[in-house]
Structures are given as structure tokens and as C-alpha cells.
2 protein chains.
Amino acid sequence: MKDSKKILSENKVSITNPRIIVLESLLENRNPITVDELQSKLKNKVAKSTLYRVLNDLKNIKVLNEFTTPENATVVELIFEDETHHHHLFCSDCGEIIDIQMAANFEKTLSKEIKRIEKKFNFTIEDHRLELFGTCTDLCKNCN
Amino acid sequence: MKDSKKILSENKVSITNPRIIVLESLLENRNPITVDELQSKLKNKVAKSTLYRVLNDLKNIKVLNEFTTPENATVVELIFEDETHHHHLFCSDCGEIIDIQMAANFEKTLSKEIKRIEKKFNFTIEDHRLELFGTCTDLCKNCN
DNA sequence: TTAAAAAATGAGAATTATTCTCATTTATTC
DNA sequence: GAATAAATGAGAATAATTCTCATTTTTTAA
């Protein structure tokens, strides 16, 4: 079965055209994309209101991650099964968003620190997000 | 000189009533506050458009930090001179936002890792943000 | 396989947060 | 203290997201 349909059926949500179209589009490249860009890409294929609904559905079944750029654009990206937790690097020159993997030993230290915070504040921490902001020294691929 | 006026004059922006009112309000308690709450607090004292302008001014002179909750509410908090870099803990039950200080050795490891990322991606990283999401095990002060 | 029930969609209206406009007021300069 | 520059208030404009509801599509289960 095609990936998009598989994702939907595995998560017990009904298989509909808009959902397939949105998923295919997100599967095409593994990069984060702004909702705005996605909307342009799918113009005349999926209604705006449906796009937002589908994105919500995908968030609910936890195959989609949503976050906000420093410029307040909403960005989405599929969560791939084979990928480990990753973070984001934002270029303030060109707006590019780069997925980054932190070194294993850093992640270990972070986990330990999170456990300490959980105890200290009597919290159950379910998720975390680390974002780095800066500019590419050489021009990055969109900077020119 | 009062703190609010001092902040403005030190940063060479003109001293006006709305700026003083907003600053006093933020100085009152050191906790993050949503723009929405701030707006209610200052109703009939500062026009909505002015509030947004003042917040922008404060961001520009780098005494105000702005970020977004997982529920997409915009939150602001003053940056106090005496405080070191801190992060945020969000309770998804009651919406409370808690300022947290990470252990010094964690911050050291993070700095090193950031340097590694800078080299790897040829980036100059100017800032970073670490956010933790979860729920308080005991009910936190707003949860009940 | 098909009829009935449930869920999802499209189109555009409604809502909400933020920015903009512009005439008036306030602050700064010299 | 007059002239100039900057900031404000009020509400209109904009933009992103959610909502409404009549219609279409999908699922269920006989």
C-alpha cells in the first residue's frame, strides 16, 4: 500500500482524497514547510479550510509536528518513523529552517537534566524543543 | 530615577506615558504574561495599537523577550539584568509558564554542542531557546 | 453490494491577533 | 518657548485560522 494510505489506515482515520494529497505533498521532501507554502502548492486541490483540518488530524495521530518560526510563520513537518528526535536551526537572513541532529552525548546530558527538572518542579515532561537562531556564514542555499 | 524611566533613558528612547505604564506593569511581577492578559490589565490606560507598538519598542532595545505557547498565545517577559539565560516549562493542564534555570554543567555542554553545530553548518548562532512541555504531577498553582 | 449512518469536504463567512492610517497630542531640540 | 520630531488613540485594514452548513464521500453492517 502507498505510504500515505498506510499512514492513514495504521492510525485508523478514514482514507480521503484531501488527506492523501496533503500527505503525499509532505512526503515528497522531508523538509519542514510553512503552511503558507503548502497552501500555495495545493491551491485548487484542497480547500483552505480542509487543509487546516487535515493538518490537525495529522497532528492528532502524531505523524505531524508543528512549530513557529521567529517570524511567526507556522511550519509543519512529518515525523518519520526512522528518525530520532531532532531540533531546528533558523537562518534569520534567508528564513531557511534546517533539521539538526545533536550529538548523542549532548542528548544524554539533556535527558539527565530534564529528569532533574522533573523532580525539582514535580513535573512530568512529555516533550521538549530546542531551537537555534542565527545566520549562515557562507550564504546558505536560499541566501543570495 | 524610577526603574521604568531608567530603562527607557538608558536605551535612548523617549519617555512617554504608555511606555512607562507598560513597563511598570511588567516590572510588577517577574513572570511571563500573555499579551492578552496584559491588554486586559491595561484596558483604558493604553490603546491596543499603542500596546503593540510599545512591546515592539521594548523588543528592539532588547529588554523584552517574546515567545509563543504551545497553544499559540503570545507571551512577553522583561529581561532582567541580573538574570542569566533561562528556559521555560509549560504546563499543558493549566497553561502556567515557569521560568527555569538549567544546571551550570548542562549549559556548558549545550554551549559546546552549539559550537559544534556552528562549525558543522557554517552558521553563526546568536540565540537559542529550550522549551519543556508537560504537566505538573501535583496540581500546580493554577491547576484545580 | 448496497442502503443507511457517520464522517469529511468546499466555499465562504466569522473570528482573532496584529498592523496600519492619519489626525491629534506629547516629547525633544536648540 | 517655538519649531520639529516622535508617539499616541481610535478604529479601519489585513492575515491566519476556525466555524458553519449544505453537499459529497467514506464506512458500516445487513
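Atoms considered below: every heavy atom in the structure, side chains included; atoms not considered: hydrogens, waters and symmetry mates. Residue numbers start from 1 in every chain, and the chains themselves are labelled A, B, ... in the order their sequence lines are given, proteins ahead of strands. Nothing here was measured: the structure is a model prediction, and the numbers come from that model.
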Separation of atom CG in B/Asn56 from atom P in C/dC20, rounded to whole Å: 9 Å
Euclidean distance, atom CG of residue A/Asp36 to atom P of D/dT17 [Å, nearest integer]: 8 Å
A/Glu37 side chain vs A/Thr34 backbone, donor-acceptor pair below 3.5 Å: yes
Atom pair distance, as rounded to whole Å: CG in A/Leu55 and C1' in C/dA8: 15 Å
Sugar-phosphate, base or nothing in reach of B/Arg19, heavy atoms under 4.0 Å: sugar-phosphate
Closest nucleotide among D/dG9, C/dA27, C/dA11 to the A/Arg53 side chain: C/dA11
Closest contact, heavy atoms only, B/Lys45 versus B/Ile21: O-CD1, 4.3 Å
Sugar-phosphate, base or nothing in reach of B/Asn72, heavy atoms under 4.0 Å: nothing
d(NZ, B/Lys48; P, D/dA7) in whole Å: 21 Å
Rounded (10°) bend between the five-pair end axes of the helix from C/dT1-D/dA30 to C/dC30-D/dG1: 40°
Whole-Å distance separating the CG atom of B/Asn60 from the C1' atom of D/dA6: 15 Å
Of B/Leu51 and A/Ser14, the one whose closest DNA chain D nucleotide lies more 5': B/Leu51
Any B/Thr50 side-chain nitrogen or oxygen under 4.0 Å from OP1 or OP2 of D/dG9: yes
Rounded distance in Å - CG (B/Leu38) to P (C/dA17): 14 Å
cation_pi(A/Arg129, A/Phe67) dist<6.0 Å, angle<=45: no
N-O pairing of B/Glu28 and B/Lys41 below 4.0 Å: yes
Under 3.5 Å: donor-acceptor pair, side chain of A/Glu118, backbone of A/Ile125: yes
Earlier contact from the 5' end, DNA chain C, for B/Gln39 and B/Val13: B/Gln39
B/Glu113 with B/Arg116: basic N within carboxylate O range, under 4.0 Å: yes
Nearest-angstrom distance from the residue atom CD1 of B/Ile15 to P of C/dT25: 23 Å
Rounded distance (Å) that lies between atom C1' of D/dA7 and atom NZ of B/Lys45: 20 Å
Side chain B/Ser49 and base D/dA10 donor-acceptor under 3.5 Å: yes
Phosphate OP1/OP2 of D/dT18: any A/Tyr52 side-chain N/O under 4.0 Å: no
Output field: ring centroids A/His128/A/His87 closer than 6.0 Å: yes
Residue-phosphate contact under 4.0 Å: A/Thr74 side-chain N/O, D/dA16 OP1/OP2: no
